[in-house]
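I have placed the structure first, in the form of structure tokens, so that the comments after it can refer back to it.
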Amino acid sequence: MKWLFRYEQKDSLLHRLDPRVKLLWLFGISVLSVVLGTPYLLVALFASTLPFWFILRPSKSRIKAMLIVFGSIGLGFILSQALFYYWARDPLLTLLPPSFPLVGPLTGGVYFYADGAVYGLYQAFRFMTSLSAAMLVLATSHPSRLITAFVRFFEIKLGGKNYRVGLPYEIAFMLSSAVSFAPTMLEESDLILNAMQARGLELKGGVRTKAKALKYTLVPLVVNILRAGRKLAVAADTRGFRANRHRTYVNELRLKRNDYLFLTYTVLFTAGGIYLSYAGFGGTVPV
């Protein structure tokens with residue numbers, strides 16, 4: 001799982017693209033995943049992110065983690081909507097009748113709805129599409145370039161002065177640090193579990209055994225994360241973080257030919273999806 005949000009250093013076409021263009025593509029994909037509503041278009045939108053994965057050629061560990069995450073998301077959405085579908089009509093199965101003690105009178109019975117499962121699959125594709133695009137951006141954008149893209153998204157000239165539009169550097173640094181802490185937490189949890197197993201901690205068993213193992217794992221995990229955060233803060237202070245309001249950068253971001261081509265593709269792709277949404281293929285509440 002630690003490979004999901006980690007930058008993968010390679011020399012691919014996606015790595016050479018400007019991170020600002022990739023962020024615009026992520027925004028366009030996220031918008032389309034909301035406004036489109038028909039199942040075929042949602043599947044096609046998710047499939048539109050797959051060619052970029054073939055270009056990236058991710059490691060086997062990342063592919064395995066992605067399959068686990070996407071499978072869990074799909075199963076979770078399907079089961080949740082199948083059991084708690086608001087617009088349901090006729091249930092396919094009765095899991096708990098209304099006469100079942102305690103739970104039956106409170107819920108009016110628990111049923112499995114086929115149309116709810118289908119609706120859950122639609123919602124899963126919405127979420128997986130945005131997640132797939134976000135993981136592509138993180139896998140192909142170096143954290144330092146990503147921070148620069150957030151801070152200096154674009155530049156305008158007014159009255160003879162150049163104004164850079166973007167997020168404050170502190171917020172951009174916070175976002176990048178939060179993303180980088182996700183794989184760090186997973187690595188730390190693996191190290192702690194291995195250390196606890198070497199000391200005789202039993203992980204196999206029922207819920208009580210796993211809860212006991214979680215108790216012994218959670219405390220050192222939180223302590224290690226706090227230590228890592230303190231080290232990061234000390235390193236940032238020693239390098240003059242927030243010492244100067246106007247920061248300079250060694251490597252400035254400049255759009256190149258491939259960036260303009262990808263930006264054109266993003267604009268046309270997003271505009272086409274929005275047009276299809278207004279033409280009658282948009283997301284609607286099932287009736």
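The residues of the chain are indexed from 1 along the displayed sequence.
The hydrophobic cluster around L79 extends to L75, counting ILVMFWY residues whose side-chain heavy atoms fall within less than 4.5 Å of a member. Residue L67 belongs to a hydrophobic cluster whose other members are I63, with links defined by side-chain heavy atoms closer than 4.5 Å.
Applying the side chain to side chain contact (heavy atoms under 4.5 Å, CB included) rule to L146 yields the partners P19, L23, V137, L138, S141, F150; only residues at least two apart in sequence or on another chain are considered. A search for side chain to side chain contact (heavy atoms under 4.5 Å, CB included) contacts involving A134 returns L26, not counting sequence neighbours. Taking the side chain to side chain donor-acceptor pair (under 3.5 Å) definition, one finds that D115 meets it with nothing, sequence neighbours left out. Residues passing the salt bridge (charged side-chain N to carboxylate O under 4.0 Å, His left out) test with K64, sequence neighbours excluded: none. With sequence neighbours left out, the ring-ring contact (aromatic ring centres under 6.0 Å, His included) criterion links F269 to Y265.
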In residues 39-52, what donor-acceptor pairs under 3.5 Å come from side-chain atoms, sequence neighbours left out?
residue	atom	partner	partner atom	Å
S48	OG	L45	O	2.4
T49	OG1	F46	O	2.7
T49	OG1	S132	OG	3.1

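Under 3.5 Å, the side chains of T129 and S33 contain no donor-acceptor pair of N or O atoms.
Among pairs with a residue in residues 13-37, those fulfilling salt bridge (charged side-chain N to carboxylate O under 4.0 Å, His left out) read D11-R16, D18-R20, at least two apart in sequence or across chains. Applying the salt bridge (charged side-chain N to carboxylate O under 4.0 Å, His left out) definition to pairs two or more places apart or across chains, none involves residues 218-235. Applying the side-chain hydrogen bond (donor to acceptor under 3.5 Å, both in side chains) test to every pair with at least one member in residues 70-82, sequence neighbours left out, gives no pairs at all. Among residues at least two apart or in separate chains, there is no salt bridge (charged side-chain N to carboxylate O under 4.0 Å, His left out) pair with a member in residues 253-282.
Here the side chains of E8 and P58 are in contact, with some heavy-atom distance below 4.5 Å.
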